[in-house]
Amino acid sequence: MTKPARVIYWFRTDLRLHDSPALKRALDLRPASLFPVWCWDPNYVYKHRVGVNRFNFLIQSMNDLSKNLTSLNPSTKLLVVRGEPTELLPELFKRWNITHLVFESDPSAYGRRRDSKVEALAKQVGVQVVKVQGHHLYDPVEVVKKNGGKPVLTMSTLQKVIRELGEIPRPLEPPENLPPPKLDPSSSSEGLEQILGELSESLEGLPHYQGKGAWIPPPELDLNSSELGGPRQKETDCYTSLSGQDRDFSVPTLESLGMDPSQANTPIQGGETQALSRLERIIKDVSYVSKFAKPKTTPGKSSEEASTTLTSPYIKFGCLSVRRFWWEVEDCKKKFKGKPNEITQTPENLNGQLLFRDMYACAEYAVGDVFGQVRGNKICRFMDWYLPNHYDDQGQKIEPRPPGDEVSESRLKAFREGRTGFPWIDCLMRQLVKEGWIHHLGRHSVAAFLTRGQCWISWERGAEIFDEYLIDWDPCSNPGNWMWLSCSAFFSQYFRLYGLSSFPSKYEGTADLVRKHCPELKKMPDKYIFEPFKAPIEVQRKAGCIVGKDYPSPMLDEKEAKEECMRRCKAAFSKGLYGDNELVLKGKAEAILRKEHGIPDPRGGGEGKGNKKGKITDWAKSNAVQPKPEQGKRSNAPGTKRSKGEEQEEGEEQEEGEEAKPSAKRSRNKK
DNA sequence: GCCGGTGTTGAAATG
DNA sequence: TCATTTCAACACCGG
């Protein structure tokens with residue numbers, strides 16, 4: 001009686017066939033034609049910082065998905081259409097005679113905005129929209145509702161709320177077959193090529209999708225352009241035609257994005273196939289799964305031999321279902337033969353990690369669009385960071401951001417490029433750029449260093465760098481973790497800090513990670529590997545690495561900077577301002593806070609206490625600009641002056657003995 | 001409103 | 001060598 005369904009299944013956060021509740025709903029409609037669509041959205045190509053490694057992972061995942069679709073039915077594949085979904089989908093509805101649009105809900109702020117627009121447009125033309133939660137263990141909408149609309153800020157709150165939501169559904173099997181994307185299901189055309197040809201033809205004449213250049217913004221508006229420090233080296237040509245250059249709806253390439261594939265240096269390979277084989281490998285190790293304790297896993301490994309599961313990129317793109325992971329872990333633990341008390345508990349265990357991801361999604365959902373920034377963000381404590389976002393009178397973010405003070409800008413640049421002079425930080429940042437991944441505790445180290453630990457630079461800037469380079473970047477977890485580490489939200493014990501040498505020293509493999517990513521330090525002995533500036537000059541010579549020449553001098557004094565940052569944390573905490581406070585919205589909070597603890601504004605303008613401007617500027621000049629040899633003399637950089645050693649010349653007698661001293665000294669720090 | 005327990009992942013001292 | 005305690009500059013939650 002009712003006419004058969006013609007369904008667009010819109011892939012976005014769910015590049016998989018297994019355990020896809022949304023895809024199941026699409027197939028439950030028993031469609032005569034199913035169009036598996038991906039919209040190659042220019043908002044992601046131009047208006048979002050995305051590096052080569054993440055695009056590479058996405059492209060691989062799309063290709064893998066397409067292959068898997070074809071293996072279910074040789075007459076189908078992923079149909080990549082180039083354009084903005086809000087403009088494109090309504091056209092597809094008409095030209096393909098669509099009855100239903102089905103997709104997995106995307107809980108991010110941009111996703112929600114885009115989807116509600118698309119939903120409204122679909123409604124106008126009588127297309128039914130079916131959206132299904134599948135990206136998280138629990139639906140953030142429901143969790144927040146159960147929590148009285150309040151953002152979920154602690155694990156215990158989340159656990160309490162979800163106890164009432166019942167069990168996580170068991171994962172679904174992948175479908176066994178799929179209807180083809182045929183324009184006319186009764187026609188006898190079966191070949192994929194023929195079907196694609198007809199589809200492509202059906203899109204002829206659409207205004208502004210054809211024609212070179214339609215989608216290419218000027219470089220100053222393209223966040224990935226090389227002009228703005230991004231990876232795009234040439235003009236894109238992925239928008240010259242709606243269905244791709246060969247009119248076959250193929251997945252775009254890095255080249256078509258104007259990016260150099262040889263820059264995709266990561267060993268992390270995308271796709272559902274990879275994800276499932278990785279999961280299988282993990283689950284085989286019952287002891288590893290059962291005894292997993294995140295804080296005990298080492299950050300000192302490259303992604304190929306990570307101490308954690310490295311499933312985050314796959315979960316982020318939906319190559320791996322989070323519910324499948326959850327249940328495989330649960331089932332695996334039942335096979336554990338050891339003592340029951342060896343099985344780790346939430347939150348440190350594997351499933352706890354997944355719950356954290358849910359927690360951040362719930363926080364993001366309740367806070368809304370401003371989750372990734374300080375201004376207007378009600379859960380985010382206001383601190384008078386350097387290099388914050390800037391806003392105009394209407395509260396619109398000013399892009400590009402006006403330059404900040406010189407010292408902070410040069411520190412941020414050194415941080416991004418991995419030449420702060422602190423090997424632990426530098427190796428992690430270089431690993432990030434190269435591999436698109438660092439261990440969670442490595443992220444903690446660099447995030448604390450940039451913000452409340454040493455540099456006092458806004459977490460917004462750090463989050464942006466991660467956004468560009470991390471393959472597993474997630475709109476909820478990333479800002480959430482930056483707020484956590486900067487003591488802006490979720491966490492507040494600012495006196496707990498990560499030492500730049502003490503922290504990595506606790507873990508296995510960290511020194512080798514430094515040597516791997518900072519080859520200048522290859523021959524530096526373990527004793528000085530995290531603090532080469534403390535090595536006596538002859539040790540440096542022997543290692544073939546003179547600090548200040550072959551490897552940068554430290555850009556600040558760890559201890560001094562830490563003490564200053566703690567004073568500022570204390571001031572900010574006592575003031576108790578949050579992002580939604582009137583003073584913050586009006587841009588007055590910073591001046592008030594600075595006045596209160598006597599920090600000149602802008603930095604360097606005057607004599608702040610403990611603000612050794614001269615030294616820092618020296619560093620900025622000598623390090624950021626030219627890697628001046630400067631042997632001996634200043635090889636121990638600002639920062640290493642020991643309280644008792646006075647300024648001895650060369651490292652000369654910076655003898656061994658001193659190694660013991662710092663700790664003795666540190667312990668004196670109480671009254 | 002007070003109190004004590006707790007909070008995924010600090011560092012140093014202690015046993 | 002390792003696990004536990006202490007220190008301690010916080011804030012939230014529940015009783």
Side-chain angles (χ1 to χ4, degrees), chain A residues 147-148 150-161 291-301 306-309 312 341-360 363 378-383 424 428 438-449 451-454 477 480-508 510 530 558-559 562-578 597 659-671:
Chain A
N147 196 40
K150 295 194 304 280
V152 176
L153 299 179
T154 65
M155 258 323 244
S156 41
T157 306
L158 178 68
Q159 286 179 284
K160 204 170 72 183
V161 173
K291 298 203 260 188
F292 184 92
K294 183 65 154 281
K296 291 188 182 147
T297 58
T298 177
K301 299 284 179 188
S307 60
T308 46
T309 61
S312 53
N341 67 356
E342 286 182 302
I343 300 180
T344 48
Q345 301 297 305
T346 300
E348 64 176 358
N349 64 10
L350 272 179
N351 283 348
Q353 310 311 304
L354 300 180
L355 285 173
F356 270 110
R357 179 171 170 274
D358 265 48
M359 183 187 84
Y360 287 126
K378 63 185 176 191
I379 66 166
C380 180
R381 180 182 303 283
F382 179 83
M383 323 253 251
W424 179 234
L428 290 168
I438 43 185
H439 183 276
H440 192 69
L441 293 176
R443 301 183 197 197
H444 280 210
S445 295
V446 300
F449 172 79
T451 58
R452 71 183 166 92
Q454 268 76 34
S477 301
N481 275 305
W482 275 93
M483 283 190 267
W484 182 300
L485 267 302
S486 61
C487 284
S488 300
F490 304 101
F491 179 76
S492 55
Q493 290 174 269
Y494 56 79
F495 42 88
R496 289 195 180 167
L497 201 41
Y498 297 79
L500 302 180
S501 168
S502 53
F503 184 74
S505 299
K506 293 192 297 195
Y507 293 95
E508 185 246 319
T510 45
F530 300 122
E558 178 183 356
K559 187 155 163 282
K562 162 178 146 180
E563 282 164 4
E564 185 183 331
C565 285
M566 285 204 190
R567 281 197 297 278
R568 304 173 92 140
C569 279
K570 198 175 158 87
F573 271 69
S574 69
K575 202 73 197 166
L577 296 178
Y578 284 80
H597 48 284
E659 216 42 20
K661 260 174 256 149
S663 48
K665 196 176 7 152
R666 225 160 294 153
S667 64
R668 121 277 48 153
N669 96 43
K670 238 346 346 152
K671 79 263 262 56

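It should be emphasised that the depicted structure is a prediction, and the values quoted were computed from it without experimental measurement.
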Quote, to the nearest angstrom, the [atom1] distance that separates [N] from [M].
| N | M | atom1 | answer |
| --- | --- | --- | --- |
| B:dG1 | C:dC13 | P | 16 Å |
| C:dT5 | B:dT6 | P | 13 Å |
| C:dA8 | B:dC2 | P | 24 Å |
| B:dT8 | C:dC2 | P | 27 Å |
| B:dG5 | C:dT6 | P | 13 Å |

Distance-only, no hydrogens or angles: does the [X] side chain make a donor-acceptor pair with backbone N or O of [Y] under 3.5 Å?
| X | Y | answer |
| --- | --- | --- |
| A:Gln353 | A:Lys294 | no |
| A:Arg452 | A:Met566 | no |
| A:Arg357 | A:Ser477 | no |
| A:Thr157 | A:Leu153 | no |
| A:Thr344 | A:Phe292 | yes |
| A:Thr298 | A:Glu508 | yes |

Touch check for A:Phe503, heavy atoms < 4.0 angstrom, all strands: base, sugar-phosphate only, or nothing?
->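 The answer is sugar-phosphate, as A:Phe503 gets under 4.0 Å only of primed atoms, P, OP1 or OP2.
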Select base, sugar-phosphate, or nothing to describe what A:Lys506 touches, counting heavy atoms under 4.0 Å on all strands.
->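 Sugar-phosphate, no base atom in range.
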Starting at atom [atom1] of [X], determine the distance to atom [atom2] of [N], rounded to an integer number of angstrom.
| X | N | atom1 | atom2 | value |
| --- | --- | --- | --- | --- |
| A:Met155 | B:dT8 | CE | C1' | 8 Å |
| A:Arg452 | C:dC10 | CZ | C1' | 11 Å |
| A:Ile379 | C:dC12 | CD1 | P | 12 Å |
| A:His444 | B:dT9 | NE2 | P | 9 Å |
| A:Tyr578 | C:dA11 | OH | P | 7 Å |
| A:Lys150 | C:dC12 | NZ | C1' | 12 Å |
| A:Asn481 | B:dT9 | CG | P | 12 Å |
| A:Leu153 | C:dC13 | CG | C1' | 12 Å |

Among the candidates [options], find the nucleotide nearest to the side-chain atoms of [X].
| X | options | answer |
| --- | --- | --- |
| A:Phe573 | B:dT9, C:dC10, C:dG14 | C:dC10 |
| A:Tyr360 | B:dT9, B:dT8, C:dC12 | B:dT8 |
| A:Pro347 | B:dT8, C:dA11, B:dA11 | B:dT8 |

Could you tell me whether A:Arg567 and A:Glu563 make a salt bridge, using a distance below 4.0 angstrom between a side-chain N and a carboxylate O?
->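 Looking at A:Glu563 together with A:Arg567, the answer is no, because their closest N to O distance does not fall below 4.0 Å.
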Phosphate-side-chain proximity, A:Ser502 and B:dA11, N/O vs OP1/OP2 below 4.0 Å =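 Yes, A:Ser502 has a side-chain N/O under 4.0 Å of OP1/OP2 on B:dA11.
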Quick one: on DNA chain C, does A:Lys160 or A:Met566 contact a more 5' nucleotide (nearest heavy atom)?
->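 So the residue in question is A:Met566.
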Using Watson-Crick or G-U wobble pairs with both distances under 3.5 Å, give me DNA chain B in dot-bracket, 5' to 3', with [ ] for crossers and | for pairs to another strand.
-> .||||||..||||||
Side chain to side chain contact (heavy atoms under 4.5 Å, CB included) assessment of A:Phe449 paired with A:Gln454 | CA-CA 5 Å; A:Phe449 172 79; A:Gln454 268 76 34; 3.5 Å; yes
Considering the options A:Trp484, A:Tyr507, A:Trp424, A:Tyr498, which one meets the ring-ring contact (aromatic ring centres under 6.0 Å, His included) requirement together with A:His444?
->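 Of all the options given, the one that passes is A:Tyr498.
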May I ask you to check whether A:Phe503 and A:Phe530 place their ring centers less than 6.0 Å from one another?
->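 Judged by ring-centre distance (under 6.0 Å), A:Phe503 and A:Phe530 do not meet the cut-off.
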Would you jot down, in residue-number order, the residues of residues 483-496 of chain A having a non-hydrogen atom under 4.0 Å from DNA chain C?
->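 Close to the strand are A:Ser492, A:Gln493, A:Tyr494, A:Phe495.
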